[in-house]
Amino acid sequence: DMKVTQMPRYLIKRMGENVLLECGQDMSHETMYWYRQDPGLGLQLIYISYDVDSNSEGDIPKGYRVSRKKREHFSLILDSAKTNQTSVYFCASSLSPGLQNTLYFGAGTRLSVL
Amino acid sequence: GEQVEQRPPHLSVREGDSAVITCTYTDPNSYYFFWYKQEPGASLQLLMKVFSSTEINEGQGFTVLLNKKDKRLSLNLTAAHPGDSAAYFCAVRNTGNYKYVFGAGTRLKVIA
């Protein structure tokens with residue numbers, strides 16, 4: 001059963017606190033992504049990971065960092081969270097996109113920074 | 001870089017009517033095109049993926065048209081029903097990189 005799992009599903013943090021969002025996939029996909037979704041803006045790419053310890057900034061990386069120490073696991077870290085980082089965060093994975101590969105999405109994490 | 005504009009942002013139709021959502025993109029090297037459906041509070045599910053070589057693609061109750069000359073991708077729900085009420089997103093990728101660029105989404109409401 002192909003699955004992308006995100007934890008936690010809901011999170012409330014205070015401004016300045018550190019935040020860790022976790023993502024796992026069971027498909028041995030090389031490439032993983034973190035997106036955030038805000039009303040009217042669609043999905044914006046934060047980071048891409050091509051494989052273990054091979055990460056690249058997306059379109060809006062400021063205020064975020066990532067960690068990928070195992071192929072099946074990709075973490076998004078907010079050091080000192082800000083209120084404008086309140087959003088829904090989606091993790092996705094795909095096979096190495098040499099072909100027409102599809103993105104598989106997790107269920108999302110709804111983060112509120114107060 | 002690639003930019004994708006999706007229209008309309010909101011769409012309300014009656015059950016049985018058709019609904020058309022359109023995306024225009026800027027990169028002529030775009031080759032892979034995707035439509036995703038997102039129900040309220042849920043994740044994105046793939047509706048259809050199409051490739052630059054195919055202009056008309058048919059699914060269950062919908063058609064996807066690709067006009068490469070005008071750089072336009074459209075999703076046409078032929079006879080909408082309430083279960084189609086959701087947000088729809090197009091996504092575009094070229095052959096040269098790993099980035100999928102998404103449209104801002106269309107919130108579709110089908111009224112019974």
Side-chain angles (χ1 to χ4, degrees), chain A residues 2-7 9-10 21 23-25 27 29-51 54-61 68 74 87-110, chain B residues 1-11 21-25 27 29-54 57 59 64 66 73 86-107:
Chain A
M2 299 185 292
K3 205 169 183 180
V4 178
T5 304
Q6 288 186 240
M7 294 292 288
R9 292 293 316 278
Y10 303 91
L21 305 185
C23 176
Q25 48 96 1
M27 299 169 278
H29 284 172
E30 295 96 334
T31 313
M32 296 186 74
Y33 305 75
W34 276 107
Y35 288 90
R36 64 177 282 177
Q37 184 181 36
D38 300 292
L41 291 179
L43 279 82
Q44 297 175 273
L45 179 64
I46 305 172
Y47 266 94
I48 302 174
S49 175
Y50 304 109
D51 212 327
S54 179
N55 307 317
S56 181
E57 294 181 346
D59 298 320
I60 53 161
R68 191 154 179 217
F74 190 34
S87 187
V88 180
Y89 290 86
F90 285 99
C91 174
S93 73
S94 73
L95 283 169
S96 182
L99 301 174
Q100 64 277 17
N101 284 299
T102 304
L103 283 178
Y104 293 87
F105 283 90
T109 295
R110 189 174 294 272
Chain B
E2 172 77 275
Q3 294 184 47
V4 177
E5 184 174 353
Q6 185 171 342
R7 288 282 183 265
H10 299 276
L11 182 58
I21 303 169
T22 300
C23 289
T24 54
Y25 57 94
D27 186 349
N29 294 318
S30 293
Y31 194 81
Y32 306 115
F33 306 88
F34 305 81
W35 282 103
Y36 283 86
K37 178 181 180 181
Q38 184 183 31
E39 297 186 358
S43 187
L44 285 83
Q45 301 295 324
L46 180 70
L47 203 58
M48 178 170 276
K49 59 183 177 183
V50 302
F51 314 120
S52 186
S53 57
T54 309
N57 300 266
V64 172
L66 176 62
L73 177 74
Y88 292 83
F89 294 89
C90 64
V92 176
R93 186 171 79 79
N94 66 31
T95 56
N97 63 51
Y98 293 58
K99 286 180 65 174
Y100 297 75
V101 180
F102 283 81
T106 296
R107 277 77 186 164

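It should be emphasised that the depicted structure is a prediction, and the values quoted were computed from it without experimental measurement. Throughout, a chain's letter reflects where its sequence line sits, starting with A, and its residues are numbered from 1.
Looking only at side-chain heavy atoms (C-beta outward), A/T102 and B/Y32 stay at 4.5 Å or farther from each other. Using a 4.5 Å cut-off on side-chain heavy atoms (C-beta onward), A/L103 and B/L44 make no contact.
Around atom CZ of A/R110, no more than 12 heavy atoms belonging to other residues, nucleotides or ligands sit under 6.0 Å away.
In this structure, chain B has a heavy atom under 4.5 Å from the side chain of A/Q37, while its backbone stays farther away. Only the side chain of B/Q38 comes within contact range of chain A, judged by heavy atoms closer than 4.5 Å. With a 4.5 angstrom heavy-atom cutoff, A/L43 touches chain B via backbone and side-chain atoms both.
Note: B/F102 and A/Y35 meet the aromatic proximity criterion, with ring centroids under 6.0 Å apart.
In this structure, A/Y33 contributes its side chain and B/Y100 its backbone to no donor-acceptor pair below 3.5 Å.
Shortest non-hydrogen contact noted between A/A107 and B/S43 is CA-CB, 3.7 Å.
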